[in-house]
Amino acid sequence: EFRRVLFRSAPEPALEDAQAGSGGEPSESAEDASATPAEKPEGGDLPAWMDDAYLDKHPDDATNWRELRTAAKDFRKGAKEAAEAYNIPWTLLAAQAYQESHCNPTATSPTGVRGIMMLTRDTAALVGVTNRLDPRQSIMGGAWYLADLRRRLPKGIEEPDRTWIALAAYNVGLGHIYDAQGLADGQKKDRNRWRDLRTVLPLLSHKKVYSKLKYGYARGYEPVRYVKRTRDYYDIMVRLADTERPATSVDAAEKRAPRA
């Protein structure tokens with residue numbers, strides 16, 4: 001049985017300045033709470049991005065790199081329970097947490113999403129989180145929600161696309177993913193492949209397009225950027241892992257298919 005997590009702990013401290021988020025899914029503006037991470041050099045692979053000579057010339061990237069190393073070390077313990085419970089690599093959860101909040105347990109966006117996994121009030125209530133600033137609750141709640149989105153996607157979507165599309169839904173909402181799949185059908189693209197879906201998601205911000213869609217307007221470029229950055233951080237986290245991570249359906253699918 002797929003059950004939500006439930007916690008008994010002190011209630012979440014009240015927001016002083018931020019307004020409560022709205023909607024039943026993480027806000028597409030959740031990403032705004034963290035500083036914009038620098039992109040790796042165009043055409044360079046991740047090991048080159050980690051090169052000391054490059055980082056010496058790019059202090060912002062060096063800061064991100066130090067934070068990622070710290071996150072990989074600290075997040076392993078905190079994410080192990082969630083990773084085992086929901087069959088998601090802890091390295092992927094760490095990457096997502098870094099993208100969401102730079103792994104800051106007290107992160108709060110202007111729209112009111114909070115915590116390491118940047119949950120809205122409604123999503124926190126859905127997954128049984130009583131205090132979004134509690135690191136364990138946030139990690140477990142975010143992992144449950146990502147796993148639930150992955151489960152709710154149509155059966156025809158295979159890994160690793162299933163996980164990448166679930167990540168996009170975590171950011172923008174599942175309804176907008178359904179709209180994008182319809183657009184993919186209209187353009188004779190594969191609705192079940194992330195490499196095709198990411199090309200139509202930005203159309204959700206075009207009035208001529210979103211005005212005809214069931215779920216309306218969305219900043220569709222944001223989930224595309226969100227998934228790309230999370231995957232980049234995931235690659236780094238895997239390289240930083242000291243021991244081999246548990247095999248998952250995402251890992252197995254990655255070995256069978258090239259990155260797209």
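The figures that follow rest on heavy atoms only: side chains count, while hydrogens, waters and symmetry mates do not.
Between the side chain of Gln137 and the backbone N or O of Thr130, at least one donor-acceptor pair lies under 3.5 Å. In this structure, the side chain of Arg239 engages the main chain of Asp235 through a donor-acceptor pair within 3.5 Å. When atom types are taken as modelled, the side chain of Asp179 and the backbone of Tyr215 share a donor-acceptor pair closer than 3.5 angstrom. Checked by atom type and distance alone, the side chain of Arg162 pairs as donor or acceptor with a backbone atom of Ile157 at under 3.5 Å. At distances below 3.5 Å, not a single donor-acceptor pair connects side-chain atoms of Thr230 with backbone N or O atoms of Gln96. Judged by distance alone, the side chain of Ser138 and the main-chain N or O of Asp134 form no donor-acceptor pair under 3.5 Å.
Residues Trp194 and Arg231 form a side-chain contact, since some pair of their non-hydrogen atoms from C-beta on lies under 4.5 Å apart. Residues Glu222 and Val172 have side chains not in contact (no heavy-atom distance under 4.5 Å, counting atoms from C-beta outward). The closest side-chain heavy-atom distance from Met118 to Thr111 is not below 4.5 Å. Residues Leu167 and Leu92 are in side-chain contact: their nearest non-hydrogen atoms beyond the backbone lie under 4.5 Å apart. Residues Val113 and Leu119 have side chains not in contact (no heavy-atom distance under 4.5 Å, counting atoms from C-beta outward). Side-chain contact between Tyr86 and Met140 is present, with heavy atoms from C-beta onward closer than 4.5 Å. Under the 4.5 Å side-chain criterion, counting only non-hydrogen atoms from C-beta, Pro135 is in contact with Ile116. Counting heavy atoms from C-beta outward, Ile177 and Leu201 have side chains that approach closer than 4.5 Å.
Here the closest non-hydrogen pair linking Arg191 and Leu197 is O-CD1, 4.1 Å. Residues Gly115 and Ser101 approach most closely at O-CB, 3.7 Å, considering heavy atoms. The minimum heavy-atom distance linking Leu149 with Ala166 is given by the pair CD1-O, 3.8 Å. When all heavy atoms of Gly141 and Val129 are compared, the pair lying nearest together is CA-CG2, 3.9 Å. In plain terms, the two heavy atoms of Ala83 and Leu93 that are nearest each other are N-CD1, 4.0 Å. The two residues Asn192 and Gly156 come nearest to each other via the heavy atoms ND2-O, 3.6 Å.
No hydrogens or angles considered: a donor-acceptor pair under 3.5 Å links the side chains of Thr108 and Arg114. A side-chain donor from one of Asn104 and Thr106 sits under 3.5 Å from a side-chain acceptor of the other.
In the hydrophobic cluster analysis, where Ile, Leu, Val, Met, Phe, Trp and Tyr join through side-chain heavy atoms closer than 4.5 angstrom, Tyr170 is grouped together with Leu126. Under the 4.5 Å side-chain heavy-atom criterion for grouping Ile, Leu, Val, Met, Phe, Trp and Tyr, Tyr145 is connected to Tyr178 within one hydrophobic cluster.
Ring planes of Tyr217 and Tyr210: perpendicular class, angle over 60° (limits at 30 and 60°).
Salt bridge status for Asp148 with Arg151: present, with a side-chain N to carboxylate O gap under 4.0 Å.
To the nearest 0.5 Å, atoms CG (Leu146) and OG1 (Thr163) are separated by 7.0 Å. Atom NZ in Lys228 sits 9.0 Å away from atom OH in Tyr233 (nearest 0.5 Å). In this structure, CZ in Arg198 is found 10.0 Å from CZ in Arg193, a value given to the nearest 0.5 Å.
Residues meeting the salt bridge (Lys or Arg N to Asp or Glu O under 4.0 Å) test with Asp190, sequence neighbours left out: none.
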